[in-house]
Amino acid sequence: MLDAIRRTERLSRVELAEATGLSGQAISNIIRRLLDAGLVREAGRQKSTGLGKPRTLLELEPSGQYAVGVHLDPAVVTVVVLDLTGEVVARRSVGTPYADDPDVLIDRIVATIEDVISQAGAPRERVIGAGIAAPGPIDVERGVVVDPPNLSAWHLVPLRDELRERTGLPVLLDKDVTAAAAAEKWAGGSDRHGSFVFFYLGTGIGAGLVIGDEVVRGSSSNVGEIGHVIVDPDGPVCYCGRRGCVGETSQPRYLVQQAVQAGVLAQGIDLDDRQAVDAAFARLCSVAESGPGVAREIVAALAERIAKVVEDIANLLDLERVVFGGPHWEQLAPFFSDAVQTALKERFLVRSVHPFEVAGTALGADVGAIGAASLVLDQTFSPNPSVLLPEGQLVAER
């Protein structure tokens, strides 16, 4: 019922019966419970068609429930609170501590969660849980962040349980690119349905997949590790031991190093200081955007490498679009020019059957955190029969 209302925004009881196949009496009983619980509200009446009195419309009550979303990026932690309609009602970003110490960072995440809940004015009893979007690899079953390459001190960190214990909230853990893809599917607009890849551009890169309106997670929920596709055989050595992996050649650290060697940026930048690297990367993008030159060549070459990977994914999976996003997308968007987009579309092998679209996320840099919170809301909305049955009972038919 909630899912049907969410998808249509406003429905009458008669339309709900048609959408769900439930009887009018069942609809009335359930709606009464949802109204009493503060999850839906009456929203005026439909215009009369002359065939009876106008029907009362129902919509979600935004303040009925709230969900927290946390995006853990090696450079920044973003925390948002969504209301029941999926709107961001509060947010905050804090820098990731340089030392990467898990306990220090978890303490900072917990404090930020409490601050953002307070900022949102959300009654604690209506906060139904927190979702965590973390860099992979992760162990979803145990709620563990395994060995993310850009958080060197994080080895088998039980992030889900630590946050659950310290906040008292139910907590879900998922991969950052999967959460971002879920956010686009949930809140990215009507054109985010179908099959697409969400290409994440942050301290690292990754690809979240939605195929036939379903988020793809893989056998261990670690889908999207495309950082080791080789795009330059003569490129730098990756930590995996090979040369020219797209993940290595897409890192701000590598691009800043190129710019320093070319004289575009001043010497003396500490390449092991993430904050210093991020600031230098922002300067590089600003110089590149100002006009032709070596800076633009460095960043344009990055765009070409990424386009090559997107091309392969799109052709392999017969996708309808790519959506770019992540913390660095806003800085890099100007370099995914019409020429790059046109080349991508022309390299799509079945373009005579259907087009391939290129777009940027409409959700901004918070897309990972929004996706994490969306995972929590999705548990509220998804019509999953297993949660309605006694433990151990199976569904024989659908």
Side-chain angles (χ1 to χ4, degrees), residues 65-82 90-120 122-180 182-183 200 202-204 206 217-218 220-225 274 327 366-380:
Q65 289 183 342
Y66 298 88
V68 176
V70 180
H71 179 203
L72 171 60
D73 182 84
V76 64
V77 173
T78 304
V79 181
V80 301
V81 173
L82 303 189
R91 69 170 303 279
R92 188 177 175 195
S93 293
V94 295
T96 303
Y98 173 64
D100 291 344
D101 182 278
D103 284 331
V104 172
L105 186 48
I106 291 171
D107 283 340
R108 180 171 291 191
I109 292 172
V110 170
T112 306
I113 288 173
E114 298 300 335
D115 287 347
V116 175
I117 291 175
S118 177
Q119 178 189 341
R124 189 72 179 206
E125 66 275 11
R126 295 191 181 184
V127 180
I128 57 174
I132 313 296
I138 60 174
D139 185 331
V140 170
E141 293 297 322
R142 295 188 295 159
V144 169
V145 178
V146 182
D147 283 300
N150 294 306
L151 287 172
S152 57
W154 284 58
H155 174 65
L156 299 177
V157 176
L159 180 59
R160 182 193 63 198
D161 292 349
E162 287 287 340
L163 287 179
R164 182 166 55 198
E165 181 178 338
R166 299 189 200 192
T167 65
L169 295 170
V171 177
L172 297 172
L173 174 68
D174 213 330
K175 198 172 173 184
D176 49 10
V177 293
T178 301
Y200 178 86
T203 305
R217 286 182 164 80
S220 67
S221 295
N222 279 293
V223 72
E225 291 289 345
R274 277 200 302 268
D366 295 341
V367 62
I370 293 172
S374 297
L375 296 171
V376 178
L377 289 178
D378 200 43
Q379 286 204 336
T380 296

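No hydrogens, no waters, no symmetry mates; every other heavy atom, side chains included, goes into these values. Since the structure is predicted, the reported quantities are computational estimates derived from the model, not experimental observations. In this chain, residues are counted from 1 in sequence order.
- Applying the salt bridge (Lys or Arg N to Asp or Glu O under 4.0 Å) test to residues at least two apart or on different chains, the pairs with a partner in residues 109-118 are Arg92-Asp115, Glu114-Arg124.
- When side chains are defined from C-beta on, Ile117 counts as touching Leu169, because their heavy atoms get closer than 4.5 Å.
- No side-chain heavy atom of Val77 sits less than 4.5 Å from a side-chain heavy atom of Thr112.
- Although no hydrogens or angles enter the test, the distance criterion places a donor-acceptor pair under 3.5 Å between the side chain of Arg108 and the main chain of Gly95.
- Within the structure, every pair that satisfies the salt bridge (Lys or Arg N to Asp or Glu O under 4.0 Å) test and touches residues 134-160, not counting sequence neighbours, is listed here: Asp139-Arg142.
- Residues Ser374 and Ala183 approach most closely at OG-CA, 4.3 Å, considering heavy atoms.
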Apply side chain to side chain contact (heavy atoms under 4.5 Å, CB included) to the pair Ile106 and Val157, showing each step before the final yes or no.
CA-CA 10 Å; Ile106 291 171; Val157 176; 4.1 Å; yes
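- Counting heavy atoms from C-beta on, the side chains of Gln119 and Val81 never come closer than 4.5 Å.
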Check against side chain to side chain contact (heavy atoms under 4.5 Å, CB included), Ile113 and Val70:
CA-CA 8 Å; Ile113 288 173; Val70 180; 3.9 Å; yes
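- In this structure, Ala67 and Ala373 approach most closely via the heavy-atom pair CB-O, 3.7 Å.
- Partner Ser93 forms a side-chain contact (heavy atoms from CB on, under 4.5 Å) with one of Val80, Thr78, Asp73 and no other, that one being Thr78.
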For Val376 and Ile128, what are the C-alpha separation, side-chain angles and deciding distance, and is it a side chain to side chain contact (heavy atoms under 4.5 Å, CB included)?
CA-CA 8 Å; Val376 178; Ile128 57 174; 3.7 Å; yes
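- Distance check, rounded to the nearest 0.5 Å: CZ of Arg166 to CG of Asp107 gives 4.5 Å.
- Annotation: side chain of Val367 is not in contact with side chain of His71 (no heavy-atom distance under 4.5 Å).
- The closest donor-acceptor contact from the side chain of Arg91 to the backbone of Asp366 lies at 3.5 Å or more, if one exists at all.
- Residues Leu105 and Leu72 are in side-chain contact: their nearest non-hydrogen atoms beyond the backbone lie under 4.5 Å apart.
- Looking at heavy atoms from C-beta onward, Ser221 lies out of side-chain contact with Thr178 at the 4.5 angstrom threshold.
- Between atom CG of residue Asp174 and atom CZ of residue Arg217 there is a gap of 4.5 Å, rounded to the nearest 0.5 Å.
- Separation of atoms CG (Leu172) and CZ (Arg164) is listed at 9.5 Å; rounding is to 0.5 Å.
- For the pair Thr167 (side chain) and Leu163 (backbone), a donor-acceptor distance under 3.5 Å is present.
- Residues Ile138 and Asn222 form a side-chain contact, since some pair of their non-hydrogen atoms from C-beta on lies under 4.5 Å apart.
- In Glu165, the CD atom is not crowded: 12 or fewer heavy atoms of neighbouring residues, nucleotides or ligands sit closer than 6.0 Å.
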Going through the distances and angles, do Val140 and Leu173 end up as a side chain to side chain contact (heavy atoms under 4.5 Å, CB included)?
CA-CA 6 Å; Val140 170; Leu173 174 68; 5.7 Å; no
Got a list of side-chain donor-acceptor pairs under 3.5 Å for residues 129-136, not counting sequence neighbours?
none

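- Heavy-atom minimum distance, Ala372 versus Ala179: N-CB, 3.8 Å.
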